[in-house]
Amino acid sequence: MLIKRPSDIKPSEITDPETYAKRREFLKAAAALGVGGLIGGPVSALVTPSGQGVPMRGLVDTTHGDGLALTSYDDITSYNNFYEFGTGKEDPARYAHQLKTRPWSVVVDGECEAPGTIDIEEILKRFPQEERIYRLRCVEAWAMVVPWVGFPLSSLLSRFKPTSKAKYVAFETLVDPQQMPGQKRAVLDWPYREGLRMDEAMHPLTILGTGLYGELMPNQNGAPLRLVVPWKYGFKSIKSIVRISFTFNQPTTTWWESAPHEYGFYANVNPEVDHPRWSQARHRMIGEGLFSRKHPTLMFNGYADQVADLYRGMDLTKFY
Ligand code: MTE
C-alpha cells in the first residue's frame, strides 16, 4: 500500500501510541498531584496559523476510552473516507494538503436567537479542548480507536441560543473544488451534509473534533473542525464544517440522499440490522491486517448504557 502524508506533517511531530499512552499516564499523575496548571499553557498558545501537525497544549485529560488499544497515528491518517479528495481510502492523505484551514469560520444560523459566525481561533481559545478516546466504526465493517481532541458540541450550540423550534441540527462541509478536487466530480451532491436530532447533538458524548493524538486535526481527518458521534457509523462524522443550522424539519443528509435504502438518517451502530449488502455484526480493526480475526460489534458501538435511552420506543429496523 502506498502511503503518503501531507508534506507539512514532520516525522518528529508524529506521536506513536506508546509515547502517547505514557503522556496520558503522566497527565493523570500530574493531575492527581494538582499540578495540571503547570503543564502546557493557555489554550490560546496552541493556536497557530500553520495548521496540521501542531501539538496542542493545555488539553483537558478525560477518562473517556481508558483501556482501549489505540489505532496508530499512521493508520488513522492514511486510511480515510473524505470524498472531497477522491473515493479511494488513500486519496485524502495524498491530496488533502491542498485544503487551506486558516482563516476558517463557521456560520451558525436557523432556529436560534443569536445567529452568527465563529472563527476557528476563537473556538480553540474559548472551549476547553479535551482528549477523549472514542471508537470510530464504519459502515463498511472496519473500525479504529482514535484519541480525539475536541469539546462538547452542546457548549458551542448553546451560545447561539436555539429556540424551541430547533428540533434538529444540520451540518455542511466547505464547497471549493479548487481546494477539494474530488468536488469536480458529481460522485455526491456537494456540499457533504449531515444532521442530528437536537437531543443527539446536545448529548455529552457528541463532540466537535479539533485534533487527534494531541495535535491539531490532520486535513485528511477533517481539519479544522469535524463532528465525532461515537455511537454512530463514521459517515455521520462530517468533516471540515463551515455551517451549522438549527432546523425544525429533519435535514437532508448526503448518504441518505445518495442511497436511502442503504443509509438512514440515524445511522446508529447496530449489529442486529444488516446493511443491504453486508452484515453489521462483526468488524475488523484497522491495523490488525486484512486477514485478521473479526470482532463482534457492540450495540451503539459500545455506548449503549449512555445513549440507548435516546431511542427508546423507536423501531431501529425502520429508523436505521
Ligand atoms: N465528511 C466529508 N465532508 N466527506 C466525506 O466523504 N466521509 C465520512 C465521514 N465524514 C466524509 C466525511 C465517512 S464515510 C467516514 S467513515 C468518516 O468521515 C471517516 O473519518 P476518518 O477518515 O477520520 O476515519
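Counting convention: from 1, in listed order, for ligands and their atoms alike.
Between N80 and ligand 1, at least one pair of N/O atoms sits closer than 3.5 Å. Considering backbone and side-chain N/O of T173, one or more are found under 3.5 Å from N/O of ligand 1.
Taking the six-membered ring for Trp and thresholds of 30 and 60 degrees, F85 and F82 have ring planes more than 60 degrees apart, a perpendicular arrangement. Between Y73 and Y213, the ring planes lie tilted relative to each other; the angle falls in the 30° to 60° range.
Numbered from 1 in the order shown, with element, the atoms of ligand 1 that lie under 4.0 Å from a heavy atom of L136 read 24 (O). Listed by number with element, the atoms of ligand 1 under 4.0 angstrom from any heavy atom of R226 are 20 (O), 21 (P), 23 (O). Below 4.0 Å from some heavy atom of F82 lie the following atoms of ligand 1, by number and element: 2 (C), 3 (N), 4 (N), 5 (C), 6 (O). Residue G234 has at least one heavy-atom neighbour below 4.0 Å for each of these atoms of ligand 1: 8 (C), 9 (C), 13 (C), 15 (C), 16 (S), 17 (C), 18 (O). Within ligand 1, the atoms closer than 4.0 Å to a non-hydrogen atom of I238 are 1 (N), 10 (N), numbered from 1 in the order shown.
Only the backbone of S237 comes within contact range of ligand 1, with a heavy atom under 4.0 Å; no side-chain atom does.
Between W255 and Y263, the gap from one ring centroid to the other is short of 6.0 Å. Taking the centre of each ring, F319 and Y311 stay at or above the 6.0 Å mark.
Looking only at protein heavy atoms, the nearest one to atom 21 (P) of ligand 1 is K239 NZ, 3.4 Å. When only non-hydrogen protein atoms are considered, atom 16 (S) of ligand 1 lies nearest to C138 SG, 2.7 Å. For atom 4 (N) of ligand 1, the closest non-hydrogen atom of the protein is E84 OE1, 2.8 Å. Looking at atom 14 (S) of ligand 1, its nearest protein heavy atom turns out to be N81 ND2, 3.4 Å.
Checked against T297 for a side-chain hydrogen bond (donor to acceptor under 3.5 Å, both in side chains), the options R137, E272, R135 give a single hit: R137.
Cation-pi geometry between R197 and F265 is not met at under 6.0 angstrom from the ring centre and within 45 degrees of the axis.
For E194 and K232, the salt-bridge test fails: no basic side-chain N is under 4.0 Å from an acidic carboxylate O.
With N219 contributing its side chain and L99 its backbone, the two residues share a donor-acceptor pair below 3.5 Å.
Side chains of H295 and E288: a donor on one and an acceptor on the other come within 3.5 Å.
Among Y192, F85, Y79, Y83, the residue whose heavy atom lies closest to atom 12 (C) of ligand 1 is Y192.
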